[in-house]
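Following: one structure in structure tokens, then a few remarks.
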Number of protein chains: 2
Amino acid sequence: MNYQKIPDETIKRMPMYLRAFSMLKTENRDSISSSQLAERLGMSPPQIRKDLSYFGAFGTRGVGYPVASTADQIRGILKLDVTQKAVLVGAGRLGAAIAEYPGFASFGFDIAAIFDNDPSKIGTKIGKNVVEDIAKIDTIKSRDIHLAILAIPADAAQPVVDGLADCCIKGILNLSACHLAVPKSIKVVTIDLAMELGTLPYYM
Amino acid sequence: MNYQKIPDETIKRMPMYLRAFSMLKTENRDSISSSQLAERLGMSPPQIRKDLSYFGAFGTRGVGYPVASTADQIRGILKLDVTQKAVLVGAGRLGAAIAEYPGFASFGFDIAAIFDNDPSKIGTKIGKNVVEDIAKIDTIKSRDIHLAILAIPADAAQPVVDGLADCCIKGILNLSACHLAVPKSIKVVTIDLAMELGTLPYYM
DNA sequence: CCTTGCTTGTGAATGTGAACGCAAGCACGA
DNA sequence: TCGTGCTTGCGTTCACATTCACAAGCAAGG
């Protein structure tokens with residue numbers, strides 16, 4: 001990896017490339033050109049080449065990108081070559097759906113703990129995890145967990161985030177419909193499905 | 001609304017503004033300045049002013065933006081001033097969570113139909129809707145539905161989308177982990193939670 | 001060993017969005 | 001009625017991202 005500035009937009013696209021190369025591997029393809037890949041992903045060939053070239057020269061001129069080794073390279077860049085543990089906060093319907101979503105495992109993520117504040121949920125089992133009491137969130141400090149997924153109501157989110165900030169959490173995937181205030185050392189990605197849907201009628 | 005080009009990024013942010021102004025209304029605020037709003041949303045004041053000014057002069061100099069009327073304006077711009085019906089395809093865990101997510105209603109969305117291909121799910125009730133057979137998807141043509149939410153496995157998505165394209169669907173919120181090929185008249189927003197989480201370890 | 005065809009990698013140019021700074025102008029008080 | 005303070009609206013500037021176009025270079029075949 002060289003030391004020039006890599007665009008944020010490029011980083012956002014890297015998981016998409018990783019997913020594509022992983023799929024190509026299961027199809028037993030051993031190489032793919034930028035134009036073929038671009039068609040699959042609905043984007044332009046030069047953009048793919050530029051994105052990948054920020055991290056080095058992965059491809060072979062005249063041939064394309066070797067599927068297996070490029071997948072490994074991207075995994076390394078995104079630090080997904082080791083299992084990343086994540087804590088899920090919120091064991092409602094959405095939380096339960098997330099806990100059992102196989103897509104996380106395919107990126108090497110491991111939902112290693114689930115917390116909730118509802119006594120009727122604490123102690124129940126979701127997937128392989130037993131739901132724990134949110135009051136004991138600080139037990140994650142000693143469990144090598146640095147990612148959190150928030151699937152709780154917006155008005156409950158900020159206090160939970162303040163707690164997570166004291167627990168070595170470095171990244172948060174926030175599914176609550178609100179902005180979170182966090183120290184700069186924590187990276188937050190917020191997704192509200194209703195908001196995403198909210199843009200569509202404008203284009204109709 | 002004037003006829004100059006409005007940035008896509010601005011459109012993406014409009015639902016966020018709408019949500020903020022709606023919340024301010026429930027707090028009985030009658031106006032807010034761009035700097036106060038910026039702090040709440042974690043963004044810069046000039047950006048808010050620029051975004052809103054694309055659609056006209058909503059604010060009052062020296063005072064700020066009137067909460068109630070600005071909310072109405074944005075609702076009109078996004079065409080959320082009328083109830084927008086949406087069809088949900090996929091009645092699995094994620095689909096069920098979406099069907100009962102109250103956030104959609106707060107933007108004026110109405111999940112008006114649910115489809116699935118699993119015979120054990122067809123006929124069961126989720127929220128107010130009875131799950132229908134995906135084979136009968138074309139019945140939505142006569143039901144004034146122009147939005148679709150896809151919560152199905154990636155390998156099943158493309159055929160469903162082809163079917164939706166023949167049913168007057170104009171916008172799709174795709175929660176499947178794949179790129180969808182659609183005619184240009186259809187706007188697609190794809191969200192894969194695993195992919196979003198996939199960027200976070202890079203920044204740790 | 002050389003030639004041909006194809007695809008990558010990359011600087012330069014173009015396009016797009018964000019930030020800045022200030023003039024315009026409303027509200028309020030004297 | 002006029003002056004003051006505050007905040008919007010917007011032209012300009014700047015930064016970032018995408019696209020373009022072409023040289024570099026590998027592979028395969030004669």
Side-chain angles (χ1 to χ4, degrees), chain A residues 1-17 20-21 24 29-71 73-74 77 179 199 202-203, chain B residues 1-17 20-21 24 29-71 73-74 77 179 199 202-203:
Chain A
M1 192 185 325
N2 54 26
Y3 283 75
Q4 81 183 107
K5 164 76 180 157
I6 291 162
D8 279 344
E9 298 298 315
T10 294
I11 301 299
K12 276 193 207 165
R13 284 187 293 265
M14 294 309 284
M16 181 173 57
Y17 298 140
F21 278 104
L24 287 164
R29 286 282 302 258
D30 42 289
S31 76
I32 190 168
S33 70
S34 61
S35 59
Q36 291 172 314
L37 186 57
E39 180 146 9
R40 279 195 176 224
L41 298 178
M43 50 192 309
S44 73
Q47 179 146 76
I48 291 176
R49 294 202 297 273
K50 193 138 212 81
D51 282 344
L52 295 179
S53 74
Y54 282 116
F55 302 98
F58 297 165
T60 307
R61 293 171 197 229
V63 179
Y65 296 91
V67 168
S69 73
T70 306
Q73 291 278 350
I74 299 175
I77 291 161
H179 168 72
T199 60
Y202 175 82
Y203 294 99
Chain B
M1 191 187 322
N2 53 26
Y3 283 74
Q4 79 183 110
K5 162 80 181 158
I6 291 161
D8 278 345
E9 298 298 315
T10 294
I11 302 298
K12 276 194 207 164
R13 284 188 292 267
M14 295 307 287
M16 180 172 57
Y17 298 140
F21 278 103
L24 287 164
R29 287 280 302 259
D30 42 290
S31 75
I32 189 168
S33 71
S34 61
S35 58
Q36 290 172 314
L37 185 58
E39 179 146 12
R40 278 193 175 226
L41 297 179
M43 50 191 311
S44 74
Q47 179 146 77
I48 291 176
R49 294 202 298 272
K50 193 88 168 156
D51 282 343
L52 295 179
S53 74
Y54 281 115
F55 302 97
F58 297 164
T60 307
R61 293 169 197 228
V63 179
Y65 295 92
V67 168
S69 71
T70 306
Q73 292 278 350
I74 298 175
I77 290 161
H179 168 72
T199 61
Y202 176 83
Y203 294 99

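Convention: sequence-line order gives letters A, B, ...; per-chain numbering from 1. This structure is a prediction, so every number in the text was calculated from the model and none was measured.
For the atom pair B:Arg13 CZ and B:Ile74 CD1, the distance stands at 12.5 Å (nearest 0.5 Å). Between B:Leu37 atom CG and B:Leu52 atom CG the span is 7.5 Å, to the nearest 0.5 Å. To the nearest 0.5 Å, atoms NZ (B:Lys12) and OG1 (A:Thr199) are separated by 8.5 Å.
Position along DNA chain D of the nearest nucleotide to A:Gln47 versus B:Gly64 favours B:Gly64 as the more 5'-ward residue.
As judged by a 4.0 angstrom heavy-atom cut-off over every strand, A:Ser35 is placed among residues making no nucleic acid contact. Within the nucleic acid shown, B:Thr10 has no heavy atom closer than 4.0 Å to any nucleic acid atom. In this structure, B:Ser34 reaches the sugar-phosphate backbone alone: every heavy-atom distance under 4.0 Å involves primed, P, OP1 or OP2 atoms, never a base.
Protein atom CZ of B:Arg49 is 13 Å distant from nucleotide atom P of C:dC22, rounded to whole Å. Residue B:Ile11 contributes atom CD1, which lies 15 Å from atom P of C:dT16 at whole-angstrom precision. The separation between B:Ile48 atom CD1 and C:dG17 atom P is 18 Å, rounded to whole Å. Regarding A:Lys5, its NZ atom lies at a distance of 19 Å from the P atom of C:dT10, rounded to whole Å. Atom CG in A:Asp8 sits roughly 11 Å away from atom P in D:dT18 (whole-Å rounding). A straight line from CZ of A:Phe55 to P of C:dT10 spans 13 Å, rounded to a whole angstrom. As a whole-Å value, the separation of B:Asp51 CG from C:dT16 P is 17 Å.
Side-chain contact between A:Tyr54 and A:Ile11 is absent, with no heavy-atom pair separated by less than 4.5 Å.
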Show me the side-chain donor-acceptor pairs of residues 55-65 of chain B shorter than 3.5 Å, one per line, residues at least two apart or across chains.
none

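Across A:Lys50, A:Glu39, A:Arg49, a single residue satisfies side chain to side chain donor-acceptor pair (under 3.5 Å) together with A:Ser34, and that is A:Arg49.
Residues meeting the side-chain contact (heavy atoms from CB on, under 4.5 Å) test with B:Gln36, sequence neighbours left out: B:Arg29, B:Ile32, B:Ser33.
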Within the sub-3.5 Å range, which N or O atoms of nucleotides 26-28 of chain D have a protein N or O partner, and how far apart are they?
none

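In terms of phosphate contacts, B:Tyr65 brings a side-chain nitrogen or oxygen within less than 4.0 Å of OP1 or OP2 of D:dG9.
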